[in-house]
Structures are given as structure tokens and as C-alpha cells.
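Written below as C-alpha cells is the structure these notes are about.
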4 protein chains.
Amino acid sequence: MGDTMDGSKQQRRGNTRQRIQDVALELFAEQGYEKTSLREIAERLDVTKAALYYHFKTKEEIIVSLFEDLTRPINELIEWGREQPHSLETKQELVRRYSRALAGAAPLFRFMQENQATVRELSIGESFKNRMLGMRDIIVDPDADLVAQVRCVSALFTLHAGMFVMQDIEADPEEKREAVLQVAIDLVTQAHQGS
Amino acid sequence: MGDTMDGSKQQRRGNTRQRIQDVALELFAEQGYEKTSLREIAERLDVTKAALYYHFKTKEEIIVSLFEDLTRPINELIEWGREQPHSLETKQELVRRYSRALAGAAPLFRFMQENQATVRELSIGESFKNRMLGMRDIIVDPDADLVAQVRCVSALFTLHAGMFVMQDIEADPEEKREAVLQVAIDLVTQAHQGS
Amino acid sequence: MGDTMDGSKQQRRGNTRQRIQDVALELFAEQGYEKTSLREIAERLDVTKAALYYHFKTKEEIIVSLFEDLTRPINELIEWGREQPHSLETKQELVRRYSRALAGAAPLFRFMQENQATVRELSIGESFKNRMLGMRDIIVDPDADLVAQVRCVSALFTLHAGMFVMQDIEADPEEKREAVLQVAIDLVTQAHQGS
Amino acid sequence: MGDTMDGSKQQRRGNTRQRIQDVALELFAEQGYEKTSLREIAERLDVTKAALYYHFKTKEEIIVSLFEDLTRPINELIEWGREQPHSLETKQELVRRYSRALAGAAPLFRFMQENQATVRELSIGESFKNRMLGMRDIIVDPDADLVAQVRCVSALFTLHAGMFVMQDIEADPEEKREAVLQVAIDLVTQAHQGS
DNA sequence: TATGAATGAGGCTTCATTCAT
DNA sequence: AATGAATGAAGCCTCATTCAT
């Protein structure tokens, strides 16, 4: 009581950092990292630019923090994968889990897909690439023939593509995700059985 | 003689416009459109910024001109596709030709893949998207089931991915391209035969 | 006990003001007043910037307080000088005492020597300049010829220079101080005896 | 004629670089390097900040260029000194020439004297210090006793001090310069004859 | 006695663009 | 066909300072 008058100001206390991340990710994904200015982010939050600098030392630190927070599930997934036998079942399950992880960090992945040039120059670029190669190494058997290898890479890429390119196809989102998953699993399975 | 002394100056005559495009595309692909300044382009060419403005009215015009010049083969491909019957053979041939077209305009596609956010805001963004949807409409049968549709989209995307993601896999480039093509054709074929 | 565990925290009690002055003077002398930020001072003390404002109303107040604390011996010296007869003995003794006073406030003088432009704009600038002129008026006889006057000014300046410029000459510091003092006394003595 | 209407605009063509240097040195000397903003310099010249950047890549480059341009006479002086025998006559002549060189670059030296902290951090700091040590090595005999060495250093410093500290003593500037020179020469001479 | 959060002003720098020559 | 000089807008970042707690 006496406190409940203004909900919007209430929520503002103590979670500014989080709010900055949210708005930043939204704008980065929509317009690109370079085209999004700190002024813009600050204005949307009704705060001064200087306030951003209280919470993050640089513009880059904002996006790095997003990476660190949002890619954790994928890191864990890769670690899980590394400890499993490289069997077909593992690969299928990995694809299944990856599909779910992607859905959870959709805005970040949209950002990454659309700003690869930027990401590459960022300090996270390298670390992320390594992670993806880790993923590939679990799913791709380096002794298999080339076509099988391509199938596996394609499976991963199909999941990515599924998030964005498929947007224009009209269908229930959940149904679409399942269709995409199905195709990816087929690709992995075919790769396993020999071309 | 008196003219023959300096070969490099010779070649420079009259093709500055072309040289600007070459350097620009290289830098745009490498660092992104926003991060590449006209100063940088000019310096690489050993020319002043103002010289660029003699050949192009704006920075955007440089990239637009690249699009127009380099996507022509793909436009023609789509037009060809539209006139063919939507048979399996057509689709397979389309995939084959698309693979070749991509290889021809690799730097541009690398640029587009890595700067989607930028491209979307550029005036060519929409027009290009429409073209790609045209491509999709030839290959994807809207009455087929969802999985079949995903397979077709995935085929196209596999070709794209093939150009960049596969770079780290060690194999002869031409062999790789063929393996990628094989997988794409399989996807289209499977889609046609029913999931 | 419960209090005795951490010696470093103990010492910190109640003398934060002093610690701020110490760190500030060190940094001001090293990097200059303008280039030294309150953030930097606070970080070195492991305190927040706001804490500085509990002890000092402004950044300027920090340096003003240093002046007031550290130039007291020199003020007293000048007052002493004013009450003595303007004899050669007085002048020699003044130079001797000044040499000792300078050694006691070395960091402050180093700061002043290296940041004259800043000091001039600070509120203490004028007051300090007046003090130095007071010093000069004791030692310089306005009726003497110009060369004699220059000798006296030079004597004072030699003492200053001795603190910094001589650093690179290798010799025992105390011996150096004495050599400097000797030269200064000679200058004053020569001035007194007529050029 | 037809050209002679507006002298101030006329002079502006083609010598902007020089004008920037002039105004910059004046302001740097008056207020210090850090406290002088590029905005201020630009405003005084009735130009935009960006214009400064056409002529100098950074703020630091402005002052570095001033150093390079204005310390040339002193560099030459040192080189001359190095080639002479280290006789008393040489030392006296060096002091005489140095006095003249200082008068020629008075504003720069005023700047340096008053912004030592800044100069030290600048890229020229080290190079300048080395030059001054070169000067010292010509005039100071490392085998002489300490007092003699101090006398020589003091001679140089007296010349510096003469430019600024003596300002308040009322006398004809040229007479003052000569008095200062006289004292410096006396110091060098005494040093040479043994303390 | 101090912190956490924020502000407003201003710093240096870069950019795309223009225009007279 | 190209340069030299300049502009206006905007970018990122840092600073001294404030105030409620």
C-alpha cells in the first residue's frame, strides 16, 4: 500500500540490467548490432545512455552477456553429447534436444544468423564457432563418406533454417517444428545407414 | 612508349567503377556493410572518397549495383524454372543449376548470408526475398504435406550452407560441391515421392 | 575477538579521508589532475565514488585540502622570513630551510611543477602564487641590479629543479640535496655581494 | 583586386593546417592540453570539429606536429654541440644559442613547462626527454664534482625559468633575457673552473 | 560511513556526403 | 575522371556529481 500506485516504476527497480538485455536483444535482432545505437536502447527504456554504462562497460559487453546467458543450454547439450556413445540413438536424441534448445533461444539465434559478420569480429565469435564445431564432431563421423557427412551438417542447418526461413509457410508453429525435426532426424538416420 | 612504363596504371584506366565494386564486395563480405567505410574502400584503391562519388551516388548504390550485376544468373534461372512443368526432373535440374549459380556468385552470397539484417533494410532486400520465394514456389508443392515442404526448403538451404559451413571439412572443393548437390537432390526427390 | 581478525580493515577505520588524500596526490602527480578520475581513485581504495563525496564536496576540494595540509611548513617559513632582517644570513638560512621544506612535501611539489596550467585555474593557484612572491620578496632586493635579482630567483628555482631534474644523475640523494643547496646558497651570496 | 575585399576569408584558404596549429598551441599553453577541447579550437577558427580531423588524425597528432615543427632549432643546436670540443667556450656558446632558441619557441616551452604530466604520457615525451639529456651531456662533465654538475643543470634550468618566472619582475624584456643569460653563463663558467 | 543507481554534459572520433576546382 | 577541403549528424564512452537508502 502506498507502493502499488505505479506498477511500471516499481518493476524498474533492481532489474534494469535485465531490461537492458531484453531491449538490446530485440533491437539487435531486428536491425543488426551496428545499426542499433545505445541511444536507441536507452530511449526505449526511458533512461540515459550513461545508465547503460553503469550496468555494462561497453556496447560489446551487452551482447557478450546475452551470449553467455542464453547459450548455456546449448553448452550443456554439447557436454552431454560428448559423454554419450556416438550411436545413432545419441545422434537422434541430440538433434531432438538441439531443436528444443534453439526454440528456447530463438531471438539470439535469429540475431546470430542475421549478423554473422558482426559476430565473427566479436570476442564471442571464436568461442561460439568452436562450440558449433563441437556439436558437429558429435554428429558427424569423420570416417563416413562425404555425402553422409554433408547429410549431418545439413541436418543441423535445417534446424537453424527452420526457425526463420519457414516463417512464411503457413502452418501451426508446433507442427512446423515437428516437420523440421522429422527431416533433420531422417537426414541423420540416412547418414548413419550409409549413403 | 611513355605510356608503356607503368602497367598497373594502364589497367586502371576506365575500369575504376569495376574496381570499386570488387573491393567493396570483398570488404562488405569480410567485415559487414555497416562496418566497412567508404574511406576504407577508397584507401584500398588508392583513390579519394570523393572519387567514389563520381561513380556511385551513394554507398547504398554500390551494393545495389553489385546485386543487380551478380544476381542476374539467378533471376534467369528462376524465369527458366517458371516456364518448365513442375516435374521432378525440372526440380532436380533447378537444384543442379542453382548450385552452379551459387558457386559463381559466392562472395555476394557470403555477404548476404552474413549480413541479412542489413540486406533486409536495404532497398534490394525485398526484391531479393521475392526472388527467393519465387524459387521456393517452383520447388515446393503447396499441396504436399509439411514434411515434404520442409525437405524442399532444406534442399535449397543445404546448398547455401554448403558454401560456408562446409569450409572446415577437409576434402576437394569440387567433390564437396558434388556431395552437397547429391544431398540436395535426394531431399527434393524424397519430397516428390511422398514422405 | 571478531574484531581482531582483519588488520587491514582495522587500519581503514576513521582514516579514509587521509587515505583518499594519499592516493589522490600520488595519482595527480603521476598522471596529472585532469587525467585522474575519481573512479580511478575510488578503485584504488576499493571504495565507491560516492564514498569520496562523503569526505570531500568536490574533486577540487581534494586537491585544495592537500595544498592546505602540505604547504603549511612553507607558509610558516615565509612568516618567519618576514620577521627577520633582510640580511645575507637570513637569506642563506631561508634557502636552507626551504630546501628542507621542499623535501618534506616532495609529491605535492612534483604535482605542482608538472601541472602548472591546472594549478593556475584552481582556486588555490592565486593564493599559492602570492606565497611564492612573498618568498621572492624576502630574498630578492628590488634595488639590486637585474643580474643579482636573477641570481636569487635562480637560487629558488635551482632548489625546485634539484628535486626532479637531478633524479637521473647518479649520486647519493642526500649528497645531491646538499650539492643543490650549496649552489643555491652560492647564488644568493653572490647576489648579495653585487654581481 | 576584386580579391581584396575580405582579407580574413582570403587567408583562410590553404593554410588551415597552420591556423589550427597556431590556435591549438595558444590554447594548450593557456589552459593545458587536457582542458582544451577540440570544440574550443574549432570554434575559435570558425570551423567544425570534423575539419580538424581532415588535417590531423587525432588530438595528439596536433601537438606532436607542433613539437616536430618547433623543436627543430633545438635539435640542430644539440647536434652542433655534439660535434664541438667540450671546452668552456663551447659550453658558453651553447648556453647563448639555447637562450635564443628558447625565445624562438617560447609558447611551446611554456606549454611544456606547464603540462609536464601530460607531455610525459604523450608519445613525444620520451623523445624530448632524450634530447634534453643530450643537451645535459654536452654541458655537464660526468667526472666533475657534484656541485659543478648541479651548477650546469642549474644554468639550463635558469634559462627555462627566466622565460616564465621572471615575467613579474619589471624590466625591459631584452635586458631581462641578458641578465638571465649572464647568470647562466656564470654558472657554467664557475662549474668549469671547479667549485 | 558508505553504496547503488542514475544523470547531464561533454569528450574524441568517424561517417556519408557535398562542392568548387 | 578525380581531388581537397569541409560539413552535420551521430557514434561510443567517461566524467563529476547527486540522492535515496
Side-chain angles (χ1 to χ4, degrees), chain A residues 12-17 20 33-42 45-62, chain B residues 12-17 20 33-42 45-62, chain C residues 12-17 20 33-42 45-62, chain D residues 12-17 20 33-42 45-62:
Chain A
R12 203 160 283 182
R13 277 280 135 58
N15 61 348
T16 304
R17 197 190 139 95
I20 292 171
Y33 175 78
E34 328 274 356
K35 283 266 283 237
T36 304
S37 67
L38 295 187
R39 179 181 53 65
E40 217 173 340
I41 297 177
L45 290 166
D46 205 33
V47 186
T48 49
K49 270 181 292 169
L52 306 186
Y53 279 92
Y54 178 78
H55 294 281
F56 299 93
K57 262 204 282 287
T58 63
K59 187 185 180 186
E60 183 167 345
E61 212 190 89
I62 296 179
Chain B
R12 213 161 274 182
R13 280 272 150 64
N15 62 350
T16 302
R17 196 190 139 93
I20 292 171
Y33 176 77
E34 328 275 357
K35 281 265 283 246
T36 304
S37 67
L38 295 187
R39 178 182 53 66
E40 216 173 342
I41 297 175
L45 289 166
D46 209 33
V47 182
T48 37
K49 266 181 297 171
L52 306 185
Y53 279 89
Y54 179 81
H55 295 281
F56 297 94
K57 253 202 294 286
T58 66
K59 186 184 181 186
E60 184 166 347
E61 213 191 88
I62 297 179
Chain C
R12 212 160 274 182
R13 278 273 151 64
N15 61 350
T16 302
R17 196 189 141 94
I20 292 171
Y33 176 77
E34 329 275 355
K35 281 265 284 245
T36 303
S37 67
L38 295 188
R39 176 182 54 64
E40 216 173 341
I41 297 176
L45 290 166
D46 209 33
V47 183
T48 38
K49 267 184 296 175
L52 306 185
Y53 279 89
Y54 178 82
H55 294 282
F56 298 93
K57 254 203 290 287
T58 66
K59 185 185 181 186
E60 185 167 345
E61 213 190 89
I62 296 180
Chain D
R12 205 160 283 180
R13 276 281 132 60
N15 61 350
T16 304
R17 196 190 140 95
I20 292 172
Y33 176 77
E34 328 275 356
K35 283 264 283 236
T36 303
S37 68
L38 296 186
R39 179 181 52 66
E40 216 173 342
I41 297 177
L45 290 166
D46 207 33
V47 185
T48 49
K49 269 180 294 168
L52 306 186
Y53 279 91
Y54 177 77
H55 295 280
F56 299 93
K57 262 203 284 289
T58 63
K59 185 186 181 185
E60 183 167 347
E61 213 190 88
I62 296 179

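Quick note on labels: first sequence line is chain A, next is B, and so on, each numbered from 1.
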Checking D:Ala51 now: which residues fulfil side-chain contact (heavy atoms from CB on, under 4.5 Å) with it, not counting sequence neighbours? D:Val47, D:Thr48
Once you round it to whole Å, what is the distance between P of F:dC12 and NZ of B:Lys35? 11 Å
Determine the stems involving DNA chain E; a stem requires 3 or more consecutive pairs of the Watson-Crick or G-U wobble kind, each with both distances below 3.5 Å, and the answer is none if no such run exists. E:2-21 with F:2-21
Residues forming a side-chain contact (heavy atoms from CB on, under 4.5 Å) with D:Phe56, sequence neighbours excluded: D:Arg17, D:Ile20, D:Gln21, D:Glu61, D:Ile62, D:Ser65
Are D:Tyr33 and D:Lys59 close enough that some pair of their side-chain heavy atoms sits under 4.5 Å apart? yes
Is C:Tyr53 near enough to F:dT17 that one of its side-chain N or O atoms lies under 4.0 angstrom from OP1 or OP2? yes
Is the distance from OP1 or OP2 of E:dA6 to the nearest side-chain N or O of A:Thr16 less than 4.0 Å? yes
The residue, B:Leu38 or D:Lys59, whose nearest nucleotide of DNA chain E is more 5′ is D:Lys59
In whole angstrom, what separates D:Leu45's CG from F:dA6's P? 10 Å
By nearest nucleotide on DNA chain E, pick out whichever of B:Tyr33 and A:Arg17 is the more 5' one. A:Arg17
Short side-chain N/O contact to F:dG4 OP1/OP2 from D:His55, under 4.0 Å: no
Can you check nucleotides 7-10 of chain E for protein contacts, nitrogen or oxygen pairs under 3.5 Å, and list what you find?
unit_1	atom_1	unit_2	atom_2	d
E:dT7	OP2	A:Thr48	N	2.9
E:dT7	OP2	A:Thr48	OG1	2.5
E:dT7	O5'	A:Thr48	OG1	3.3

With sequence neighbours excluded, tell me which residues meet salt bridge (charged side-chain N to carboxylate O under 4.0 Å, His left out) with A:Lys35. B:Glu121
Judged by nearest nucleotide, the residue sitting upstream toward the 5' end of DNA chain F, A:Thr58 or C:Lys57, is A:Thr58
